[in-house]
J.: 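Pasting a structure here, questions to come.
Computed from heavy atoms alone, side chains included, the values below leave out hydrogens, waters and symmetry copies. Given the structure is predicted, the values throughout are model-derived calculations rather than measurements. Reminder, nothing fancy here: chain letters follow the sequence lines and each chain counts from 1.
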Amino acid sequence: MCDQTFLAITFGPCDNCSQNKPLMNIYLKNEPINYCSLCVELMACQGLAKGETIHTLKAESETLKGKLEEERAKLHDVELHQVAEKIEALGQFVMKTRRTLKGHGNKVLCMDWCRDKRRIVSSSQDGKVIVWDAYTTNKEHAVTMPCTWVMACAYAPSGCAVACGGLDNKCSVYPLSLDKNENLAAKKKSVAMHTNYLSSCSFTNSDMQILTSSGDGTCALWDVESGQLLQSFHGHSADVLSLNLAPSETGNTFVSGGCDKKANVWDMRSGQNVQSFETHESDINSVKYYPSGDAFATGSDDATCRLYDLRADREVAIYSKESIIFGASSVDFSLSGRLLFAGYNDYTINVWDVLKGTRVAILFGHENRVSTVRVSPDGTAFCSGSWDNTLRIWA
Amino acid sequence: MARDMSDKEILKMELEQLKLEVNTPRIAVSTTAPEIIAFVEGKSAEDPLIRGVPEDKNPFKEKGGCIIT
């Protein structure tokens, strides 16, 4: 007796290519499929392409990055400081502390100027947010937040409200009233909700919208009245530490910098990341638009500040010295954009000539890390906040 | 949120972004640098921190003591 094994083969039109061929009866997800052997093989290969591994993605990413660098390098025909050689150098700088604002019980983490050029809001690790009059050093308002480490604070363009937030993962807006006895905390409005700490916040051109950045890697645009999320910005692969809006004449973009060493430029309306720069070697702590809106500067833990030109799509200047080894926590431009003020973790503030790339002055005075530096709206002075619990006004 | 995404998703996001960026229009530095410089030169004249402000006009400078006559 012979054992006869029969293989039953169905013959007919293939489900995929419709040709009359011997079909292989297979089951995909419990559904019977009749494909010819050629189509089965094709399908198996497609499956492999769909199952991209991290390695293939990384490889593709590297090749694209290489191509991007090539494209950018083609246009790098001259250095900014070379073109700036013919400009006269700046004279000797005499800048001193004119006012010292004392009153915070712990590290000052953030500050902002009011558009009236005289009021300042500052926030601190102890949870207090204080509004000062910089001319007289008087404290005008004080709010105690329910959380510590208030890392972000901002003054509304109208001067009638302040926004702040930190470890509470929220951004809250407090309307400021003229009545000193009124309890500001009672009128608090919670606007933004993130899933991690709030690192920075800023009002857009009106009191009605706030832009926030968070340790959860996203930035978001909120409507203040309703607390509604208007737009969210995804693209950073780590905490976002700082953001800055473009000067109003140049349109609806903002720049953000984060722990992934990237600085991204975003379109506020579409939520799209339009440009991205990754030349820093460590976390970017601070980003600031150039007054013309065509460039921005960054300060980073790698002890350098860099200037990126948006139209040339590349870094055009690095502000560093071998003697500076501590990270830059905050940067700001003077009114004309000729000077860059940067606060460092070695307790100093360095003033750089933006065009020539040289340092014009070092300012000593703080007794601990400088956490925030901001030039006043009319450019007559700048204010620095530090972990030594004080703020200093320099002019 | 970046923290909730797997490494693969983050890489995919970066890849999409890079594809967009390779095609962005760019201008040569030799064009943009002089423009930045022109902007700065134009505004330097009004920059109080560069030009300096006379003592009596600057609200932050210390005021003199009182003279009793």
Side-chain angles (χ1 to χ4, degrees), chain A residues 52 54 57-58 60-61 64-65 67-68 71-72 75-80 83-84 87 90 95 98-99 118 134-135 195-196 216-218 234-239 273-276 290-292 294-295 309 311-314 316 334-339 354-355 375 378-382 393 395, chain B:
Chain A
E52 298 146 317
I54 292 196
L57 284 177
K58 267 212 177 114
E60 224 191 307
S61 183
L64 270 181
K65 276 188 191 165
K67 185 142 182 268
L68 194 55
E71 292 289 316
R72 282 176 169 168
L75 295 166
H76 186 205
D77 41 4
V78 76
E79 295 279 352
L80 180 62
V83 185
I87 307 177
L90 294 164
M95 240 179 263
R98 304 291 176 175
R99 302 276 190 278
R118 130 175 223 170
Y135 291 1
T195 54
N196 212 316
D216 64 12
T218 67
H234 297 259
H236 278 286
S237 44
D239 303 16
N273 177 354
V274 289
Q275 279 171 291
S276 174
Y290 197 71
S292 68
D294 289 330
D309 185 325
R311 293 181 310 151
D313 192 37
R314 60 169 299 117
V316 288
S334 70
L335 200 64
S336 62
R338 183 69 196 268
L339 300 173
V354 172
L355 303 177
V375 174
D378 60 353
T380 51
F382 73 93
I393 313 246
Chain B
M1 314 296 167
R3 277 175 191 228
D4 307 329
M5 291 162 76
S6 70
D7 283 340
K8 201 160 138 189
E9 284 169 12
I10 291 183
L11 274 173
K12 271 207 182 137
M13 192 168 70
E14 289 183 0
L15 208 51
E16 287 307 313
Q17 184 54 34
L18 284 168
K19 283 180 192 156
L20 279 171
E21 286 184 29
V22 178
N23 298 325
T24 337
R26 290 177 192 89
I27 310 179
V29 179
S30 49
T31 316
T32 59
E35 287 184 21
I36 292 184
I37 293 177
F39 175 86
V40 174
E41 298 276 272
K43 287 217 154 185
S44 288
E46 294 127 36
D47 188 339
L49 288 168
I50 291 187
R51 197 174 35 118
V53 183
E55 291 282 331
D56 46 353
K57 295 259 174 61
N58 188 337
F60 290 110
K61 297 238 156 98
E62 285 99 51
K63 301 181 175 61
C66 303
I67 302 171
I68 302 174
T69 52

J.: Quick check: closest heavy atoms across Ala28(B) and Asp77(A), and the distance to 0.1 Å?
T.: CB-OD2, 3.7 Å

J.: Which bit of Arg118(A) is near chain B, if near means a heavy-atom gap under 4.5 Å: side chain, backbone, both or neither?
T.: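 For Arg118(A), neither part sits under 4.5 Å from chain B.
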
J.: With chain B as the partner, which of Thr380(A), Leu339(A), Leu80(A), Val316(A) has the greatest number of non-hydrogen pairs under 4.5 Å?
T.: Thr380(A)

J.: Would a 4.5 Å heavy-atom cut-off, applied to side chains only, mark Val40(B) and Val354(A) as touching?
T.: no

J.: Measure the spacing between CG of Leu68(A) and CZ of Arg26(B) and express it to the nearest 0.5 Å.
T.: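 The CZ atom of Arg26(B) is 5.5 Å from CG of Leu68(A), to the nearest 0.5 Å.
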
J.: For the residue pair Leu15(B) and Leu64(A), establish whether any side-chain heavy-atom pair is separated by less than 4.5 Å.
T.: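 Yes - at least one pair of side-chain heavy atoms lies under 4.5 Å apart.
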
J.: Rounded at 0.5 Å granularity, tell me how far NE2 in His236(A) sits from CD in Glu14(B).
T.: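 If I round to the nearest 0.5 Å, the distance is 11.0 Å.
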
J.: Give, as side chain, backbone, both or neither, the part of Leu355(A) having an atom under 4.5 angstrom from any heavy atom of chain B.
T.: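 For Leu355(A), the side chain is the part near chain B, not the backbone.
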
J.: At what distance, to the nearest 0.5 angstrom, does CD of Glu21(B) lie from NZ of Lys65(A)?
T.: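 Answer for the CD-NZ pair, Glu21(B) versus Lys65(A), is 10.0 Å.
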
J.: Please classify the contact of Glu16(B) with chain A as side chain, backbone, both or neither, using a heavy-atom distance under 4.5 Å.
T.: neither

J.: For Asn273(A), is it the side chain, the backbone, both or neither that has a heavy atom under 4.5 Å from a heavy atom of chain B?
T.: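 Answer is both: backbone and side chain atoms of Asn273(A) are under 4.5 Å from chain B.
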
J.: With distance as the sole test, does Asp47(B) use its side chain to make a donor-acceptor pair with the main-chain N or O of Ser336(A) at under 3.5 Å?
T.: yes

J.: I need the Arg338(A) CZ to Ile36(B) CD1 distance, nearest 0.5 Å.
T.: 13.0 Å

J.: Drop me the distance from Lys67(A)'s NZ to Lys19(B)'s NZ, to the nearest 0.5 angstrom.
T.: 12.0 Å

J.: Sort Leu49(B) into side chain, backbone, both or neither according to what part of it lies under 4.5 angstrom from a heavy atom of chain A.
T.: both

J.: Hey, does Lys43(B) have a side-chain heavy atom less than 4.5 Å from the side chain of Leu335(A)?
T.: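 No, their side chains stay 4.5 Å or more apart.
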
J.: Mind ranking Gly337(A), Ala84(A), Ser276(A), Ala381(A) by heavy-atom pairs under 4.5 Å with chain B and telling me who comes out on top?
T.: Ser276(A)

J.: For the OG atom of Ser30(B) and the CD atom of Glu79(A), what is their distance to the nearest 0.5 Å?
T.: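 It comes to 12.0 Å.
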
J.: After noting the C-alpha distance and the side-chain angles of Asp294(A) and Thr32(B), does the key distance pass the side chain to side chain contact (heavy atoms under 4.5 Å, CB included) rule?
T.: CA-CA 9 Å; Asp294(A) 289 330; Thr32(B) 59; over 6 Å; no

